[in-house]
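Report on the following structure.
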Amino acid sequence: MGKSVFHLGASVAKIFLVLPHQQIESKLQAAVRLVLPDAEVSAVLVRPCDPKFGDYQSNALMSLAKMRKLNPRQLATDVLAKLDVSEVCEKIEIAGAGFLNFRLKTALLAQTLEAAACGEHLFFGKAAQPRTVVIDFSSPNVAKPMHVGHIRSTGIGDALQRSLRLLGHRVISDNHIGDWGTQFGKLLLGWKQVLDRPALEHDAIAELERLYKIINAECDANPARLEAAKSELVKLQAGDAENVGIWKEMIALSQKQFDAIYGRLGVKFDFALGESFYNPWLGEVVADLLTRGIARESEGAVGVFSDGSLPPKEDPFLVNRDGEWVADPALVRKSDGGFNYMTTDLATIDYRLKTWAPDEIIYVVDDRQAGHFKKLFLTFARWKAADATKTKLVHVGFGKIMDEDGKPFKTRSGDTVKLGELLDEAEERAYKIVSEKSAELPEAERKEIARVIGLGAVKYADLLPNRQSDYIFSWDKMLALQGNTAPYLVYAYARIKSIFRKSEAESASHNPQSAIVLVAPEELTLAKHLLNFGITLEAVAEELRPNYLCNYLFELAGKFTSFYENCPVLKADDAATRASRLVLCDLTARVLKQGLATLGIETVEQM
RNA sequence: GCAUCCGUAGCUCAAUUGGAUAGAGCGUUUGACUUCGGAUCAAAAUGUUGGGGGUUCAAGUCCCUCCGGAUGCACCA
């Protein structure tokens with residue numbers, strides 16, 4: 001768990017080179033095994049810690065001691081007797097109730113940075129045991145504009161797929177597009193009766209949205225219209241040529257919109273298998289569930305009911321009404337014969353398992369659907385018990401976006417904010433700021449900087465808060481140049497780049513082979529923080545929380561700034577110091593760029 | 001009604017999931033420009049982690065309870 005190693009290409013004799021904390025960790029685990037042969041050492045980890053205690057600490061011995069009723073400090077002493085990390089660390093301290101504090105040797109720190117400077121690694125390694133992970137995210141609906149609600153799923157999902165890929169996992173990203181369902185009855189009716197062709201050609205999504213709103217309102221008021229819409233849907237589902245043709249055209253028009261937005265956001269999917277893809281299997285799924293007695297008929301519909309294996313409080317198939325626990329089934333077939341999204345989702349899991357045999361499927365979907373996923377996962381486990389043990393199903397939920405009054409984020413007129421328009425506004429606002437601060441740059445360059453900063457600001461603001469909580473959308477905060485924002489981080493990067501421009505102008509370009517000399521406290525602090533990039537990436541991949549990376553990068557920028565203020569680079573006292581500091585600058589820039597890229601955020605060389 | 005999630009500095013949020021003295025940014029106050037990008041930096045003040053109880057070497061984190069908020073509860077997804 002959390003272990004990773006570097007692959008050094010053709011080098012056979014020395015296949016693995018581990019980062020200092022990994023060496024400490026593996027030697028510590030070996031020492032624990034010597035003292036407690038039957039101990040489970042996978043939880044024996046070291047973590048970066050408060051510098052007043054050391055560079056890394058382990059608190060694992062305290063819980064081991066507790067389980068065995070040993071004196072934790074005595075256990076620590078015994079383990080230390082078997083532990084030799086003298087190549088990596090200064091003397092290890094036992095502190096507090098039984099913490100182990102490790103302090104890195106400066107020479108080893110410098111060596112690690114030198115290897116990074118020569119391109120051997122960038123402070124992270126490929127996972128020792130790569131996992132196959134399906135990530136399901138974004139999932140927009142056909143015939144509807146993408147809106148703010150899609151930012152979170154798309155941004156978090158993309159950051160997760162990038163993080164997992166960087167660590168060497170096999171990722172299959174799949175956009176489960178909403179291209180099937182009851183809304184198409186209304187859309188088809190609208191298309192046939194009130195379609196405005198020129199409007200469709202001008203702005204297809206807006207026209208489709210208009211159709212839907214008209215028919216939807218009519219259906220609410222008039223049952224006959226609702227029947228008409230339903231019959232269009234039945235015809236579509238029966239394969240009626242005209243309706244299928246219209247449906248396909250609606251999908252194609254929507255796909256153009258999706259492609260445009262994903263292009264701007266730089267988000268790519270390996271697959272976009274929409275709901276309709278699973279249509280052929282839905283009947284079989286329900287039949288199989290019925291045969292196995294997992295689902296049964298009720299009030300004309302077919303649903304999965306509680307099997308009584310969980311206490312009522314924890315059973316998602318039960319709900320308490322007026323003090324009594326009553327059934328709250330997961331419907332897999334409606335009384336009119338149509339299928340529900342539960343059915344599609346079951347077929348989807350089944351398909352993914354058969355096709356990719358993933359270790360894990362991750363759904364990046366709004367927290368409001370937590371109940372649905374609970375039912376889905378439990379139903380699947382009952383349906384395909386053997387498969388379910390091989391694949392972990394995870395719902396990565398997230399909160400809502402609120403406005404500055406704490407209400408759901410809407411336009412002034414109360415409509416949902418369209419994603420395309422939001423991105424336009426981000427770029428416009430960024431352009432205004434860039435033009436104000438850097439009027440001397442040519443317009444095309446200011447536009448490009450504004451694009452990177454504007455989109456980056458929106459993405460970063462979305463990734464920074466802990467994903468489970470709601471967050472408040474604020475243009476001023478996300479676009480601010482001070483504070484934990486994308487513009488600040490990109491600025492930090494650009495500032496480093498300017499040092500290199502200047503250095504080259506002085507025809508004294510930087511040599512990555514230079515020896516690293518770490519003397520000033522700011523140099524040491526920065527160097528140690530660089531080493532923690534990989535630990536952070538692993539934490540992101542493990543906990544599925546990109547905000548860890550945001551905070552790491554912000555701290556990196558802060559530690560760099562403090563170095564920059566206190567340690568002259570180009571004006572260093574001697575050539576060796578100057579060369580060493582240039583390497584530190586270069587490594588910081590590379591980690592910043594790689595880190596931001598992992599969040600799906602671009603950088604600019606100048607701003 | 002029941003369930004789930006949440007409540008942390010004036011504001012917006014962290015806290016690597018049970019670790020040491022709860023941290024940032026904004027805002028406020030004060031200071032630093034002939035010095036590598038001032039779109040910057042440094043320093044200061046700010047807390048009964050909603051209240052109460054419990055579990056243990058250790059609780060913002062786990063358990064119970066109360067208060068407050070959000071969300072979800074049969075044929076939409």
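Below, chains carry the letters A, B, ... as their sequence lines are ordered, and counting in each starts from 1.
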Need the pair for [N]. Rule: Watson-Crick or G-U wobble, both distances under 3.5 Å, any strand; none if unpaired.
N: B:rA58; answer: none
N: B:rG23; answer: B:rC13
N: B:rC5; answer: B:rG69
N: B:rA39; answer: none

### Task
Verify ring pair (Phe, Tyr, Trp, His ring centres under 6.0 Å) between A:Phe137 and A:His150, making sure each step is shown before the conclusion.
CA-CA 9 Å; A:Phe137 67 99; A:His150 294 107; over 10 Å; no

Short N/O separations, protein against nucleotides 37-40 of chain B, under 3.5 angstrom:
unit_1, atom_1, unit_2, atom_2, d
B:rG37, OP1, A:Ser498, OG, 3.0
B:rG37, O2', A:Tyr491, OH, 3.2
B:rG37, N7, A:Ser498, OG, 2.7
B:rG37, N1, A:Met607, O, 3.0
B:rG37, N2, A:Met607, O, 3.2
B:rA39, O2', A:Tyr491, OH, 3.4
B:rA39, N6, A:Ser438, OG, 2.0
B:rA39, N6, A:Met607, O, 3.0
B:rU40, OP1, A:Leu481, O, 2.9
B:rU40, O2', A:Arg495, NH1, 3.2

In whole angstroms, how far is the [atom2] atom of [N] from the [atom1] atom of [X]?
X: A:Asp476; N: B:rG25; atom1: CG; atom2: P; answer: 19 Å
X: A:Glu93; N: B:rA20; atom1: CD; atom2: C1'; answer: 13 Å
X: A:Met402; N: B:rG69; atom1: CE; atom2: P; answer: 14 Å
X: A:Lys375; N: B:rC76; atom1: NZ; atom2: C1'; answer: 14 Å
X: A:Trp180; N: B:rC76; atom1: CH2; atom2: C1'; answer: 16 Å
X: A:Gln183; N: B:rA77; atom1: CD; atom2: C1'; answer: 8 Å
X: A:Leu61; N: B:rG19; atom1: CG; atom2: C1'; answer: 13 Å
X: A:Leu346; N: B:rA77; atom1: CG; atom2: P; answer: 13 Å

### Task
Apply side-chain hydrogen bond (donor to acceptor under 3.5 Å, both in side chains) to the pair A:Tyr56 and A:Arg47, showing each step before the final yes or no.
CA-CA 5 Å; A:Tyr56 297 96; A:Arg47 286 288 163 247; over 6 Å; no

Select base, sugar-phosphate, or nothing to describe what [X] touches, counting heavy atoms under 4.0 Å on all strands.
X: A:Thr485; answer: nothing
X: A:Ala330; answer: nothing
X: A:Cys550; answer: nothing
X: A:Asn101; answer: base

Say you pick atom [atom1] in [N] and the same atom in [M]; how far apart are they, in whole Å?
N: B:rU40; M: B:rU49; atom1: C1'; answer: 33 Å
N: B:rG52; M: B:rA42; atom1: C1'; answer: 43 Å
N: B:rA58; M: B:rA20; atom1: P; answer: 14 Å
N: B:rA45; M: B:rU30; atom1: P; answer: 15 Å
N: B:rC67; M: B:rG53; atom1: C1'; answer: 15 Å
N: B:rC5; M: B:rA43; atom1: C1'; answer: 40 Å
N: B:rU16; M: B:rA22; atom1: P; answer: 15 Å
N: B:rC66; M: B:rG25; atom1: P; answer: 40 Å

Filtered N/O pairs between nucleotides 56-59 of chain B and protein, under 3.5 Å:
unit_1, atom_1, unit_2, atom_2, d
B:rU56, O3', A:Lys66, NZ, 3.3

### Query
Can a donor-acceptor pair under 3.5 Å be found between the side-chain atoms of A:Thr182 and the base atoms of B:rA77?
no

### Message
For a quick check, tell me whether the side chain of A:Glu275 and the base of B:rA77 share a donor-acceptor pair closer than 3.5 Å.
### Response
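No, no donor-acceptor pair under 3.5 Å.
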
### Query
Is the closest side-chain heavy-atom distance between A:Phe398 and A:Gln468 below 4.5 Å?
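Side chain of A:Phe398 against side chain of A:Gln468, heavy atoms only: no contact under 4.5 Å found.
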
### Query
Taking the side chain as C-beta and beyond, is there a heavy-atom pair between A:Glu448 and A:Arg451 under 4.5 Å?
yes

Between [X] and [Y], does any side-chain N to carboxylate O distance fall below 4.0 Å?
X: A:Arg581; Y: A:Glu523; value: yes
X: A:Asp462; Y: A:Arg152; value: yes
X: A:Lys230; Y: A:Asp336; value: no

### Query
A:Phe305 ring centre to A:Arg296 NZ or CZ under 6.0 Å, with the angle to the axis within 45°?
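Yes; both conditions hold, so A:Arg296 lies above the ring face of A:Phe305.
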
### Query
Any donor-acceptor pair under 3.5 Å linking the side chain of A:Asn175 with the backbone of A:Ser139?
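Yes: the side chain of A:Asn175 pairs with the backbone of A:Ser139.
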
### Message
Does B:rC76 have OP1 or OP2 under 4.0 Å away from a side-chain N or O of A:Arg368?
### Response
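So the side-chain polar atoms of A:Arg368 never come under 4.0 Å of the phosphate oxygens OP1 or OP2 of B:rC76.
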
#### Entry: Given RNA chain B, 5'-ward residue of the pair A:Val302 and A:Asn484, judged by closest heavy atom
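Between the two, 5'-proximity favours A:Asn484.
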
### Message
Both A:Gln57 and A:Met342 contact RNA chain B. Taking the nearest nucleotide for each, which residue is further toward the 5' end?
### Response
A:Gln57

### Task
Measure from the ring centre of A:Phe99 to the centre of the six-membered ring in the base of B:rA20, then say whether that distance is under 5.5 Å and the planes meet at under 30°.
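Check passed, A:Phe99 stacks on base of B:rA20.
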
### Query
Is the aromatic ring of A:Phe53 within stacking range of B:rA20, meaning centres under 5.5 angstrom and planes under 30 degrees?
yes

### Task
Before giving the answer on side-chain contact (heavy atoms from CB on, under 4.5 Å), spell out for A:Leu489 and A:Ile601 the whole-Å C-alpha distance, their side-chain angles and the decisive distance to 0.1 Å.
CA-CA 10 Å; A:Leu489 293 176; A:Ile601 296 168; over 6 Å; no

### Task
Could you walk me through whether A:Asp403 and A:Lys410 pass side-chain contact (heavy atoms from CB on, under 4.5 Å), step by step?
CA-CA 7 Å; A:Asp403 65 21; A:Lys410 295 266 172 71; over 6 Å; no

### Query
Which heavy atom in A:Leu556 sits nearest to a heavy atom in A:Val591, and how many Å separate them?
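The answer is CD2-CG1, 3.6 Å.
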
### Task
Ignoring the backbone of A:Leu331, work out which of B:rA74, B:rU16, B:rA77 is nearest its side chain.
B:rA74

### Trace of the ring pair (Phe, Tyr, Trp, His ring centres under 6.0 Å) decision for A:Tyr491 with A:Tyr488
CA-CA 5 Å; A:Tyr491 174 69; A:Tyr488 175 82; 7.2 Å; no

### Message
I want to verify the glycosidic state of B:rU12; is it syn or anti under the 90° rule?
### Response
anti

### Query
Reading nucleotides 3-15 of chain B from the 5' end, what letters show protein touch, with B for base, S for backbone sugar-phosphate only, - for no heavy atom under 4.0 Å?
S--S-----SSSS

### Query
Taking the six-membered ring for Trp, are A:Phe184 and A:Trp180 parallel (under 30°), tilted (30 to 60°) or perpendicular (over 60°)?
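Tilted, since the angle between the ring planes falls between 30° and 60°.
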
### Message
Tell me whether the rings of A:Tyr363 and A:Phe377 are parallel (<30°), tilted (30 to 60°) or perpendicular (>60°).
### Response
tilted

